[in-house]
Amino acid sequence: MLGIVYAGNRELSFNELTQMRSVSALPFAGRYRVIDFILSNMVNSGIINVGVAPKINYFSLMDHLGSGGPWDLNRTKSGLFILPPYIRGDIGKPSGTIDLIYGVLTFLRRSRQKYVLLSEGNTICNITFYDALKFHIEKNADITIIYSDNKTTDNLENCNLYTLDENKRITEAFCSPRYPKTTLAGMEMFIVERLKLIGMIEEAYSRGNHDFICDIILSNLNRLNIYGYEHKGFVARINSVESYFEANMKMLDNSVRREIFGGENPIFTKVKNQVPTKYGKEANAISSLIADGCNINGTVENSIISRGVYIGAGSHIKNSIIMQNSVIEENCDLENVIIDKECTLRRNKRLVGQPGLSVILPKRTLI
Amino acid sequence: MKRTECIAMILAGGQGSRLGVLTKSVAKPAVPFGGKYRIIDFTLSNCLHSGINTVGVLTQYQPLDLNTYIGNGAPWDLNKNIGGVFILPPYQSDEKGEWYKGTANAIYQNIEFIDRFNPGYVVILSGDHIYKMDYSKMLLFHKEKDADATIAVIEVPWEDASRYGIMTADESGKITEFNEKPQKPKSNLASMGVYIFTWKTLKKYLKKDEKNPESVNDFGKNIIPSMLGAKERMFAYSFDGYWKDVGTIKSLWEANMDLLTEPPVLNLYDNDKSIFSRNPVKPPHYIAEGAVVKNSCVTEGCNVFGEIYHSILFEGVTVKEGAVIKDSIIFPGATIGKNTLINKAIIGENAVIGDGCSVGIKENAEKKSSYCTDGISVVSGGITLSEGTTVYKEEMVTRGGRRSE
């Protein structure tokens, strides 16, 4: 199999967080980026040929991926290919997933693997694709959609939902429905035969179609063999600021964390050399995930603290996400906030958001 | 081939027997240090910051961990097309094959390796000291003085001077006398085990020394005295930063604790000269509800449910509920059981300390180990201590020893 990670075209609103970066480049769980999960999942499934097709704001993604070394994708044969859209007269600016994949057809044609794992980079899970591929072959499917049962209809905004028959064939598909009728939600991971994918994309593109789900899956449910493969483990979909916040907080759960990070398949990420985190004499940290290189002197509760963060004495951080290299000086009081990278809060500041509505400080804010 | 100005040779073959069970299965340079490092990281990072791109690492004793750890040298930017890092174990040739007999013999056996790079100068380093030093400044000094050998020295307290190789130098820095562990030291300038030699000269002395059957082929005992005797130009280069030989359990423990003082005596937070290491693939550490962590260093992959005071936790350590750890160093992957009390101890890699154990708290004069002093206890790596085990103060527990698996 080869892998393609594409930037989604769903209308994702992350306010300040994605002003300068794509969703897949968002920092996650204190040390990772969202894209690390799909890349690691691919690598852990023996995929050694990966194309990443970003759409906009991809500087931070490229900076993170580099030559693919952390994922062992800096290879002589195959490896990691970053395929940013190039503006070509006959293609124009990419507006949907089909345009994006059309833009990387050369990569698809040049690759030799028989199957493609196509994925948006925004799902947090630890999965290998061996069983899904076996399922795909057994079912003689044209497209296999990997989905999970969300159990409830909460947090399904911006998700694609499906219903299946007892044979696991997809019977109905709903593109980001406003009122979910089912709890079976796609993980935005698809298995397709490479040559079939090239054919589908060429055909859809020539008809002026843009969206892989709506224009290829939804309109071909009867014509193509489209099956659903269920992933039973933990899944978090990063679709909104709230789901991003919540997914981070889920990592504080011991069993979730063990499933995602503690198994035999590690999640790889770009390595930064950081010193161990140092706790001061007055430090007070509970129920928190804290990365290396921090200096903790205040109180941290139920929070995610990324690498290189400084927290001054007397400060109290609760239910918050603090990203890399931010400085919280003495006696600050923070609750339900997301602080982007390299922010500085001078002493005695107070910032309080509400559950479900976090205060976001954009990158490099100084207050 | 393009001439390399200066290459570094790191002597990493020593057993470090004074570290007792900690070096039972790893060479001293591969012993963990400071929450996420290995001792050799300091020397390798110094090379990187000094612009030295060709490094030979001479290994002999238990090299497996060290070899895997260094790998292709990528963390230290030593994965290069020209130069890079080379692991140099002793080898068989058609004439003979033998172990490295001493530090000088180890270099002697690799003369051919060094000649391939045709260097002007060779830096000889040991892989078992904790310090941050710019060798390029020392090389500049060496060239300015037109020296044959330059030896880095550091001022040590007079009362400790008899434990080191002591230099006496005149005002210009020229070494007039050298005494290995003198009973009545004439100076307090101790050799740091960092030498720069003009390669041409050193090669001559290595060959001469090899022919001398009386020699133990050691830099401190043979090469330096014989060069001094022949009136070669030898200079002492003063270094005034942090430097520590972590050759004993006590000094290893102290050097680790030096990271916890405020401000730290040994500063690793200096971004320009940071120490590089091979990083584990682990999530950030988790501090649970009810846990206490004060005045400590904690690294990625740890799960802390108990209480930690003035201690250092390496990556992937689990501390269960009710455990209390004080003044201790817990090596990577160790597990500390529920309600276990640990005081002033070093717990080895992947050791499993069962529930309700007591380490380093109770006294028992008979159980004392000669390696452990100043109240430090040691549990060696990979050991499993069953529930309720007591490890006494200054005791060293190892496999095959008391109460091991």
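Proteins come first, then strands; the chains are lettered A, B, ... in the order of their sequence lines, and each starts at number 1. Predicted model only: the values in this text are computed from it and were never measured.
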Give the table of side-chain donor-acceptor pairs shorter than 3.5 Å for residues 74-81 of chain B, with sequence neighbours excluded, one pair per line with atom names and distance.
residue: B:W76; atom: NE1; partner: B:F276; partner atom: O; Å: 3.0

Could you check whether atom NZ of B:K250 has more than 12 heavy atoms from other residues, nucleotides or ligands sitting under 6.0 Å from it?
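Counting neighbours around NZ of B:K250, 12 or fewer heavy atoms of other residues, nucleotides or ligands fall under 6.0 Å, so no.
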Per-residue contact mode, [X] against chain A (heavy atom under 4.5 angstrom):
X      : answer
B:S274 : neither
B:F305 : side chain
B:Y37  : side chain
B:L259 : backbone
B:V292 : neither

Exercise: identify the closest heavy-atom pair between [X] and [Y]:
X      : Y      : result
B:C297 : A:K278 : SG-CG, 4.1 Å
B:I275 : A:N273 : O-OD1, 3.8 Å
B:H285 : A:Y279 : NE2-OH, 2.6 Å

Value rounded to 0.5 Å, distance of NZ in B:K294 from CG in A:N297:
10.5 Å
What's the spacing between B:L260 CG and A:K281 NZ if we round to 0.5 Å?
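The NZ atom of A:K281 is 9.0 Å from CG of B:L260, to the nearest 0.5 Å.
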Among the listed options [options], the residue most often paired with chain B at heavy-atom distances under 4.5 Å:
options                        : answer
A:L289, A:I290, A:I286         : A:I290
A:Q274, A:E301, A:E282, A:K272 : A:Q274
A:A291, A:P266, A:S288, A:A283 : A:S288

Would you confirm whether A:R307, through its side chain, and B:P284, through its main-chain N or O, come within 3.5 Å as a donor-acceptor pair?
no
Heavy-atom distance under 4.5 Å between the side chains of B:T299 and A:D292, does that happen here?
yes
Are the side chains of B:P283 and A:Y32 in contact, using a 4.5 Å heavy-atom criterion?
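Result yes, sub-4.5 Å side-chain heavy-atom pair found.
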